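Below is one structure, written out as structure tokens, with a few remarks after it.
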2 protein chains.
Amino acid sequence: MDGPRFEPVRAVRAYERVVEQVEEAIEGGTLSPGQRLPSERELMVQFSVSRSTVREALRVLQARGLVRSRPGDPNGAEVLPFSPAALHKSMTTLARVEELSLAELVQFRMVLDSSAILLAARLRTDAQLADMESAVAGMRAAVEAGHDAFGEADVAFHDVVARSSGNKLIQICMDVVRSIVLKLIAEKIADAPDREALMRQSIRHHEEVLAAMRAGDGPLAARLSRKAMYDYYAGYVPAAERSSLRALLD
Amino acid sequence: MDGPRFEPVRAVRAYERVVEQVEEAIEGGTLSPGQRLPSERELMVQFSVSRSTVREALRVLQARGLVRSRPGDPNGAEVLPFSPAALHKSMTTLARVEELSLAELVQFRMVLDSSAILLAARLRTDAQLADMESAVAGMRAAVEAGHDAFGEADVAFHDVVARSSGNKLIQICMDVVRSIVLKLIAEKIADAPDREALMRQSIRHHEEVLAAMRAGDGPLAARLSRKAMYDYYAGYVPAAERSSLRALLD
DNA sequence: ACTAATTTGTCCGTATGTATG
DNA sequence: GCATACATACGGACAAATTAG
């Protein structure tokens with residue numbers, strides 16, 4: 001019959017065990033953001049490992065965005081609040097090494113944005129709706145102030161929507177993917193010939209979406225948002241890949 | 001008038017400069033997966049830093065999933081092909097430190113899965129449709145083989161769909177979020193009272209989705225898939241949060 | 001199958017610049 | 001300003017692991 005199913009024992013490095021313990025303490029809530037880790041010298045005593053091992057562990061924890069250590073700080077490494085920086089980093093590398101096309105990224109934004117809008121249209125509070133209204137008002141005011149200000153106002157609107165969706169994961173992924181897309185085509189947008197017309201069209205689209213959300217028509221608002229994003233970005237996407245974006249329109 | 005706008009010079013650590021250079025080489029294609037980095041001693045000469053610095057840099061690169069080094073390997077660290085491991089890691093920490101609810105994760109799956117299905121229904125090739133058919137056939141065959149085998153067949157179906165969507169980003173995010181959700185409720189599913197009935201219902205749902213895709217009706221297939229996932233997971237979600245899932249149903 | 005050479009993992013000691021009280 | 005403790009970075013050392021011959 002079957003004997004006991006032994007698992008192969010991977011040789012786990014000392015620094016990994018240090019990482020695991022600190023990680024569990026942070027994710028388990030024993031260590032909260034703002035709190036300090038013991039100093040490196042103290043850690044090498046507690047874990048009974050060398051200084052180098054402690055330092056390699058801290059480097060990994062820092063790369064994962066969990067702690068930050070500064071030279072000379074007598075308080076030891078600081079436990080950081082969650083930031084999407086690590087997620088942002090891995091998605092950016094994903095985009096580069098897997099050669100994600102702009103079309104794929106925009107498509108992903110269309111999916112996330114329209115989903116957030118659908119959810120927000122149905123779950124929003126009145127206060128959140130008011131925030132969206134003032135965000136669109138901010139976009140109208142920013143047309144004169146130039147393209148950078150307009151971009152910020154636009155981002156502010158989508159942030160309110162994302163928060164109103166009630167889903168933090170959608171919110172964070174939207175933020176990450178949006179920044180990647182904007183970085184990819186920042187120059188092209190700045191060089192667009194008729195920027196003001198584009199801004200005014202974008203405002204009209206946002207107003208339509210907002211009206212649908214105010215009316216509680218989630219599917220309509222979502223459909224409009226996909227169309228708006230398609231119109232805004234299609235020009236920057238190679239013609240051959242535009243059909244994959246149109247597959248999301250109805 | 002304005003003088004030159006000097007930016008504050010952040011003190012960038014030595015190991016970070018090493019990380020940046022290697023990272024650029026990998027993401028720029030100078031170093032391809034399977035290739036080897038020089039040995040640590042060679043690297044300390046090329047970068048003219050100490051070995052500790054080289055090692056800290058390698059630890060960071062390893063945490064980002066770009067390289068792997070094994071003790072005693074005379075060939076130096078290996079450049080790895082992209083893997084979603086780093087993305088998986090940061091999403092898992094996100095789920096834990098931000099206390100993402102199961103509802104949020106399932107909601108995200110509903111969004112991604114139905115979007116992939118919508119895209120696949122419109123962009124699939126005939127060969128991919130055949131793969132989906134055989135994947136569902138595999139699910140039917142796996143009912144007898146127990147719940148683990150059924151789970152694998154189910155995953156296989158959704159993988160084919162994700163590939164057929166033509167969007168690698170959606171595909172990878174689906175994979176990551178699915179594994180997190182499954183890990184969260186693996187025990188609960190295994191302990192479900194009428195597992196076989198659930199499996200048969202799941203198969204019926206998949207067949208309906210597949211029929212809609214075969215007919216080219218993307219919106220219907222997407223709607224059915226959201227409903228199917230809601231029915232499958234709603235029981236594991238606290239009642240108070242189910243309404244946020246229903247907000248995605250029409 | 002065994003040895004030799006090289007590499008990584010880990011440890012220790014030391015020097016230097018920095019932040020805090 | 002000063003003293004202390006800290007992180008950063010360097011260099012040397014040894015054991016365990018891997019590969020080549």
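Throughout, a chain's letter reflects where its sequence line sits, starting with A, and its residues are numbered from 1. The model shown is predicted, which means the values in this text are computed figures rather than measured ones.
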TODO: Decide whether S50(B) and T53(B) meet the rule of one side-chain donor and one side-chain acceptor closer than 3.5 Å.
DONE: yes

Open item on the list: For R13(B) and Q62(A): C-alpha separation, side-chain torsions, deciding distance, then whether side-chain contact (heavy atoms from CB on, under 4.5 Å) applies.
Closed with: CA-CA 13 Å; R13(B) 267 78 127 198; Q62(A) 186 157 353; 4.0 Å; yes

Task: Sugar-phosphate only, base, or nothing, as touched by E40(A) at under 4.0 Å among non-hydrogen atoms - done: base

Task: ring-ring contact (aromatic ring centres under 6.0 Å, His included) contacts touching residues 80-110 of chain A (sequence neighbours left out) - done: none

Open item on the list: Base, sugar-phosphate or nothing for R59(B)? Non-hydrogen atoms, less than 4.0 Å.
Closed with: sugar-phosphate

- [ ] Only counting residues at least two apart or in another chain, list the ones meeting side-chain hydrogen bond (donor to acceptor under 3.5 Å, both in side chains) with S52(B).
- [x] none

- [ ] Could you tell me whether K168(B) and E98(A) make a salt bridge, using a distance below 4.0 angstrom between a side-chain N and a carboxylate O?
- [x] no

TODO: Give me the first and last nucleotide of DNA chain D, going 5' to 3', that has any atom under 4.0 Å from a heavy atom of chain A.
DONE: dC6(D) to dT8(D)

Open item on the list: Suppose the criterion is side chain to side chain donor-acceptor pair (under 3.5 Å): which pairs have a residue in residues 180-189 of chain B, not counting sequence neighbours?
Closed with: none

Task: Trace of the side-chain contact (heavy atoms from CB on, under 4.5 Å) decision for M174(B) with S115(B) - done: CA-CA 10 Å; M174(B) 273 179 62; S115(B) 302; over 6 Å; no

- [ ] Go along nucleotides 11-21 of chain C 5' to 3' and tag each nucleotide: B for a protein heavy atom under 4.0 Å from its base, S when only backbone or sugar atoms are that close, - otherwise.
- [x] BB----BBBS-

Report, one line per pair, each donor and acceptor closer than 3.5 Å where one atom sits in a side chain of residues 136-159 of chain A; sequence neighbours left out.
unit_1, atom_1, unit_2, atom_2, d
R140(A), NH1, E207(A), OE2, 2.4
D154(A), OD1, H158(A), NE2, 3.4
D154(A), OD1, H206(A), NE2, 2.9
H158(A), ND1, D113(A), OD1, 2.9
H158(A), NE2, H206(A), NE2, 3.2
D159(A), OD1, R178(A), NH2, 3.3

